[in-house]
Amino acid sequence: MKVLLVDDEKHVRDAIRLLVNWEQHGIDTILEAPDGESATALIAQHQPEIIMTDMMMPIMNGVKLLEWLQANAPNSKTIVISGHDDFSLLRHTLKYGGTDYILKPIDPDQLNEALDKAIQAWSKDEELRQTNRELNIEMNTIKPMYWDKLLSGIIAEPSTYESAAEQLDKELQLTRNINECRVAILSLDTMERSVKNKFSQNMDLLFFSLINICNEFLTTDGRGYAFRHWHSDTEIVLLLWKDLLGAEAFLEKINEGMRTTLHTRVDFGIGRLHVFPADVTLSYQEARDALRKRNLKARDTWIHSMLNPAKAPQAALTFTQYEEKINLAIRSGSIEQIEEAIQQWMDTVKLSEVITLEQLDLWWREYTVMKRRWVQQFFSGISEDKVKEMLSDEPTSFIVPLDEQGILSLSQWQQELTRSIVHMSKMLLENQHKDKNVIFEIAEYLQNHYHEDVTLQEIASRFFLSREYISRKFKQEFEVNLSDYLGQIRMSKAKVLLRNPHLRISQVAEMVGYQDEKYFSKVFKKLEGITPNEYRKTSNSI
């Protein structure tokens, strides 16, 4: 903590320094000022928690300093030390927040008691301020989510506006007098990949940044409000209600702000002018259609409207027309054949003058269905969970590959598509290899019989191989010996069972193949670093 001593007599300041046990009070910085004016400069710079001041000083006296403190440093606690037993000075001290009025000559006990009282008062206030700060942080976190949900609800169902009209007027200046609106959409689907990659570990931060930039422009003169669409993973919606005829130009201005701040521009779709709130959904749908139907192969504008629709796509081209060729290429295991099959598809795509996001979505859905079908064909008999696991490395939605000008990059798309299909082919080859490899059969046997008294000799007899061969090959394939592999399986199962408080440790040990509870505990601690009982307590407290 910091304390400031304000007195025009240096010997008084020196005396105060000597009379107080500063360390005991947690004070590590002592500042000094000869008058109120010097004090204000130090207070502004150092923000001391405690101020001890005389009343009668040149330039700015204690009376004026107290008034200044109440206006400029209200959190500080003030102790007046004066040589004047004057009721008017005492009343002024109390009026402007002083915690004590001490008369000179200074009594050490009285001074230390007054300081302790001031520190306690400051600490209590600081605790309250911290609580309020935490509440404000929480409210500032929750508030945008509240508006996201409320405004998304109005977009989906305009009749909900009435129940929120008063709040919208008070908080966003969206008054009942406003009877027209336009909706614009900014979609992450059509953002440059480099920007999304930069925020790949925190997409919420990207949304926050984009919305903040939009609202810096929109809320300044009450034009509208931007929010994250509650019913979409990729959309930011801009509800506009002022200067609607100039909306396109204003979106260009926002885009320039994006370029300055994030070094990128974004595509906006914007709907026509409609009655608010009755037809806000219609304007939203028009904005969405404008984005989805824009030609990704050309860059004419960043602002897309159904008033100027893109040229209609040619006759529908489907990805399934190339399924058989790609299927054969996957089965061949040849990267050259895969590249050739993809090239044939891409050569056909390049003939299209218009490619829209809507068309890309269709191709993506076709490809997703094809991949699932291939997995089920190539790996017959596997469970649905295993299918999902094998497809988990693939993105859950199509990432539009755009270049720096926001134009569809067919070369990037071709590379990504080739990578995905080569990955599928490698999985098939690896699976075929595993089917022929008896070591994987042994691993599967261990997975199914971990709870039994499995020995290396038993496995050698069952699979008609020597113990030495099994041990050597197993270590080569899995990088652990067979007993450790079995132990890992057992410990994994044991950790699941230990979460059940109704099972005794001895029961868990027996269920995973250990007849001796003490030996089970010893192995568990060796592999996991803690005892089974410690693990149970830790996992159940999470």
Side-chain angles (χ1 to χ4, degrees), residues 1-140:
M1 294 184 76
K2 299 176 185 177
V3 66
L4 172 61
L5 310 179
V6 189
D7 198 299
D8 59 328
E9 297 181 276
K10 187 177 185 305
H11 70 88
V12 174
R13 301 198 301 271
D14 291 342
I16 295 173
R17 278 180 173 270
L18 294 172
L19 292 174
V20 176
N21 187 337
W22 303 105
E23 185 176 346
Q24 179 181 320
H25 290 288
I27 292 171
D28 52 22
T29 303
I30 303 171
L31 306 167
E32 294 186 23
D35 56 70
E37 187 174 287
S38 301
T40 58
L42 287 172
I43 293 166
Q45 181 180 355
H46 297 282
Q47 299 177 347
E49 290 83 358
I50 308 297
I51 298 165
M52 297 181 176
T53 182
D54 189 13
M55 292 299 272
M56 299 302 179
M57 298 178 292
I59 305 177
M60 178 190 282
N61 62 25
V63 173
K64 294 295 183 183
L65 177 60
L66 286 171
E67 294 175 6
W68 184 90
L69 286 171
Q70 189 179 65
N72 298 279
N75 295 338
S76 297
K77 297 300 176 184
T78 308
I79 300 170
V80 171
I81 302 174
S82 175
H84 298 271
D85 187 4
D86 188 322
F87 179 73
S88 64
L89 294 178
L90 174 60
R91 184 174 61 184
H92 199 84
T93 299
L94 296 174
K95 179 180 178 182
Y96 288 96
T99 59
D100 254 305
Y101 191 96
I102 300 174
L103 291 173
K104 298 176 183 177
I106 305 168
D107 180 273
D109 293 336
Q110 189 180 11
L111 179 60
N112 279 278
E113 183 181 339
L115 178 58
D116 186 61
K117 177 182 173 183
I119 290 172
Q120 287 186 33
W122 184 89
S123 298
K124 186 176 180 180
D125 288 352
E126 178 60 16
E127 185 177 336
L128 181 60
R129 286 191 292 270
Q130 181 60 30
T131 300
N132 288 334
R133 280 194 290 268
E134 291 172 358
L135 286 173
N136 286 335
I137 291 171
E138 187 175 347
M139 286 302 298
N140 288 335

_For the residue pair R129 and W122, would you count it as a cation-pi contact if the rule is NZ or CZ under 6.0 angstrom from the ring centre and within 45 degrees of the ring axis?_
yes
*asked:* Could you check whether atom NZ of K64 has more than 12 heavy atoms from other residues, nucleotides or ligands sitting under 6.0 Å from it?
replied: no
*Could you tell me the separation between the CG atom of N61 and the NE2 atom of H92, rounded to the nearest 0.5 Å?*
8.0 Å
*CG of D107 to CD of E113: how many Å apart, nearest 0.5 Å?*
9.5 Å
*asked:* Taking side chain to side chain contact (heavy atoms under 4.5 Å, CB included) as the criterion, tell me which of L5, T99, I119, T78 meets it with I50.
replied: I119
*Walk me through it: do V6 and L65 pass the test side-chain contact (heavy atoms from CB on, under 4.5 Å)?*
CA-CA 10 Å; V6 189; L65 177 60; 4.2 Å; yes
*Show your working on side-chain contact (heavy atoms from CB on, under 4.5 Å) between V80 and I102 and close with a plain yes or no.*
CA-CA 6 Å; V80 171; I102 300 174; over 6 Å; no
*Looking only at heavy atoms, what is the nearest atom pair of M57 and G36, with distance?*
CE-N, 4.0 Å
_Quick check: closest heavy atoms across L42 and E32, and the distance to 0.1 Å?_
CD1-O, 3.1 Å
*N112 side chain to H25 main-chain N or O, any donor-acceptor pair under 3.5 Å?*
no
_Shortest non-hydrogen contact from D54 toward S82_ = OD1-CA, 3.8 Å
_Side chains of L115 and V20 in contact at under 4.5 Å (non-hydrogen atoms)_ = yes
*What's the verdict on side-chain contact (heavy atoms from CB on, under 4.5 Å) for M56 and H84, showing C-alpha distance, side-chain angles and the deciding distance?*
CA-CA 9 Å; M56 299 302 179; H84 298 271; 3.4 Å; yes
*Just how far is it from atom CD1 of I30 to atom CZ of R17, taken to the nearest 0.5 Å?*
4.5 Å
*asked:* A side-chain contact here means heavy atoms from C-beta on lying under 4.5 Å apart; do I27 and E49 qualify?
replied: no
*Please round to the nearest 0.5 Å and tell me the distance separating atom CD1 of I79 and atom CE of M52.*
4.0 Å
*asked:* Which residue is it: L31, L66, L69? I am looking for the one with a side chain to side chain contact (heavy atoms under 4.5 Å, CB included) to I51.
replied: L69
*What distance do K77 atom NZ and Q120 atom CD have between them, rounded to the nearest 0.5 Å?*
12.0 Å
_Apply side-chain contact (heavy atoms from CB on, under 4.5 Å) to residues T40 and N72 and explain how you reach the verdict._
CA-CA 9 Å; T40 58; N72 298 279; over 6 Å; no
*Compare every heavy atom of T53 with every heavy atom of G62, then report the nearest pair and how far apart it is.*
CA-OG1, 4.4 Å
*At what distance, to the nearest 0.5 angstrom, does CZ of R13 lie from CD1 of I81?*
12.0 Å
*For residues I16 and I106, determine if any side-chain heavy atom of one lies less than 4.5 Å from a side-chain heavy atom of the other.*
yes
*Heavy-atom closest contact (P48 atom, S76 atom, distance)*: O-OG, 2.8 Å
*Would you find more than 12 non-hydrogen atoms of other residues, nucleotides or ligands less than 6.0 Å from D85 atom CG?*
no
*asked:* In the structure I gave you, are the side-chain heavy atoms of E37 and P58 within less than 4.5 Å of one another anywhere?
replied: no
